[in-house]
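Just below is one structure, and these are the notes that go with it.
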Amino acid sequence: MNDTPELQPYVDAYEKLSPQRLKEPDWFRVMRDEAMRSFLDKGFPKRGDEAWRYTDLSAVTGARFIVEPMTSRFVSGGVRFLKPSLKANFLFFINGQFQPHISGIPAGVRVIPLPEAGNDEGFRRAITRLFTDEMDSLQSLNFGLGMDGVFIDVPDGAAPDCPFYVIHWSDAHGALCQPKILLAAGTDARVALVEDFRGAEGKMYFSNTFTGATLAKGAAVQYYKIQSESRASCHTAAMKALQEEGSDLLSVSLAIGGKIARHTLSVKFGGAGAAARVLGLSLGADRQVLDHVTGIDHASPGCKSDQLFKSILAGAARGVFTGKVLVRRGAQKTDAHQSSKNLLLSETAKADARPQLEILADDVKCAHGAAVGQLEEDPVFYLRSRGIGEKEARRILAAGFANEVTDAIPLESLRELAGVRTDEKLGEMEAEA
Amino acid sequence: MLEINDLHVSIDGKEILKGIDLTVNAGEVHAIMGPNGSGKSTLTRVLAGHPSCRVTGGSVTYEGKDLLAMSIEDRARAGVFLAFQYPIDIPGVNNTYFLRSALNEVRRSRGLEELDAVDFLTVLREKMKIVEMNESFLARPVNEGFSGGEKKRNEILQMAVLEPKLAVLDETDSGLDIDALRVVAGGVNRMRSPERAILLVTHYQRLLDYITPDRVHVLMEGKVVLSGEKELALHLEEKGYAWVKEP
């Protein structure tokens, strides 16, 4: 065991939680123990860790976070003002705690808060499949100490008519927010899940979240994430999708807020003919570090993955993309495409792209590319020659660069929302260009 | 409207325009012809303010003002329009949004109210008839995936929307099939008016079968070597540019 004093508060917190843990079923307790052991074993990522080469978490690991539930300055009904005006089933979390009384749960779909989900067979099946020893220490921390979350169970053939929209609001200084969102999409089910992370500006808290989706045969899941956390906060999120035969995933991640933020997406194709289209956009200003990590495991033949990750960086911001593609032996007719495009608006901004391809099958189509550059002058001239001022021309071109990601969102209301959030951030970044 | 006096322009340290003199009045259409490399495109670019063009001598006066002292966007707002030989792709930027942004910038500078999305669309639909353009172009990113002919039509559409006082067309006819050429020329002809001047830069005479110029100038090695009436273009077509050089 890693015997460092910085981990002691987590050991203590785990002890404190034991009355709650004891209420959980045996299999869950065993899983928690295992996760906690793994976290304490590995400790927080360190600077020397290759996987964290560009993203320094020392601000987090050095800080003391409060593991117990923290109250919000809002009476919980107040967070309703965070609701965007679109049709959705809204689920609210405040400082990592689920707020069932203000959340909307449609008929025909089971949405179970985590403490009660322990006895649910569907939940057990989903979480035990998602819990693997490939997890990094932060995911282990979430599984060990994170007590709250929801399980969304979409039965075979079901297609809820609007997305599940999870609003994560954090405003408690020093809070450790570790929600878990689990989505089980049954055979041929169609469902969209949105996670919208917001935070009170200036508050230093740590969101360490886990989202898991299991896609049964022929299921189609859309997953959207808009990360607009407080700029003093740290955000590390893991999204994991297990895809069975012929299932289809669309995942779009927008990284806008946070001081340090990483979104890790792993997809595993466990059945033939599945497809995943995975996109990300990081909009970095000031000294933000925005990091996307993907891992696509082509464990079955005839699957298709298509990744596009972009960043627009101003000030002294840093964008990082690490894209792993593993094509296992026997995963013939794999089609894997990966592209990373980065736009630097200032001299001091920086982008790093690390494609990591491991191909063990021979009949495959794999391509990857990465580009880092500044706005080209010809388009700027073209726009200016039509009467558009230089600043505005650059803003339009940067927005156009971002649109390639947000345009992939088929839900119009959500595409518009993503556009608004993107434009807001680009407006701020303009000052630092 | 436009007066160019002894204009010298260098690109990358190489002198391309070596003393151009040209006067264009409102209501006139002038054609500038010349072989490849004679400086035709450079002339259009320096008028629009392309940063690669370094003016080393001479002057350009537009409506009594020093055009060369104006920023790129201020020239456009004052009514100068360049139809590009090679229009630029703008990925991710919707054509309608682009056109409305441009028109509203120009309107604002003229003290006119900005048009909202609905009013703009009414204007745009009217203008699209001029270039026989399909509505599907409006939702597409600017010039991206457009064929050569579609790009040129899009340039003329922009011209029709922005209603410039001085329109400069850089080889708008190049790469067009005969149908597209007819449409583009028709668009230009509809823009002719007593308040507007048009400068047509072209390598070939064929555009002038559709648009009759008031004056034709021959540009060679960075200088206007010959000016004349529209018949000059026919003469050039018949005898080639080498004929100009003969004493």
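A note on names: the letters A, B, ... follow the listed sequences, proteins ahead of strands, and every chain is numbered from 1.
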Parallel, tilted or perpendicular: ring planes of B:Phe137 versus B:Phe146, cut at 30 and 60 degrees: perpendicular
Pairs of heavy atoms under 4.5 Å with chain B: top-ranked of A:Ala393, A:Ala402, A:Gly389: A:Gly389
Taking B:Lys40 for its side chain and B:Leu219 for its backbone only, find out whether a donor-acceptor pair lies under 3.5 Å. no
State, to 0.1 Å, how close B:Leu176 and B:Gly149 come at their nearest heavy-atom pair, and which atoms those are. CD2-CA, 3.5 Å
Is there a donor-acceptor contact under 3.5 Å linking the side chains of B:His203 and B:Glu171? no
Salt bridge flag under 4.0 Å for residues B:Lys129 and B:Glu126: yes
To the nearest 0.5 Å, what is the distance between CZ on B:Arg153 and CE on B:Met128? 10.5 Å
Give each N or O donor-acceptor pair spanning chain B and chain A at a distance under 3.5 Å, with atom names and distance to 0.1 Å, or state none.
residue  : atom : partner  : partner atom : Å
B:Glu73  : OE1  : A:Arg384 : NE           : 2.6
B:Glu73  : OE1  : A:Arg384 : NH2          : 2.9
B:Glu73  : OE2  : A:Glu390 : N            : 3.3
B:Arg77  : NE   : A:Gly387 : O            : 2.9
B:Arg77  : NH2  : A:Gly387 : O            : 3.2
B:Leu82  : O    : A:Arg386 : NH1          : 2.7
B:Leu82  : O    : A:Arg386 : NH2          : 3.0
B:Gly92  : O    : A:Asn403 : ND2          : 2.6
B:Tyr97  : OH   : A:Arg395 : NH2          : 2.9
B:Asn143 : ND2  : A:Tyr382 : OH           : 3.2
B:Glu155 : OE1  : A:Arg386 : NH2          : 2.7
B:Glu155 : OE2  : A:Tyr382 : OH           : 2.3
B:Gln158 : OE1  : A:Arg386 : NE           : 2.4
B:Gln158 : OE1  : A:Arg386 : NH2          : 3.3
B:Gln158 : NE2  : A:Tyr382 : OH           : 3.1

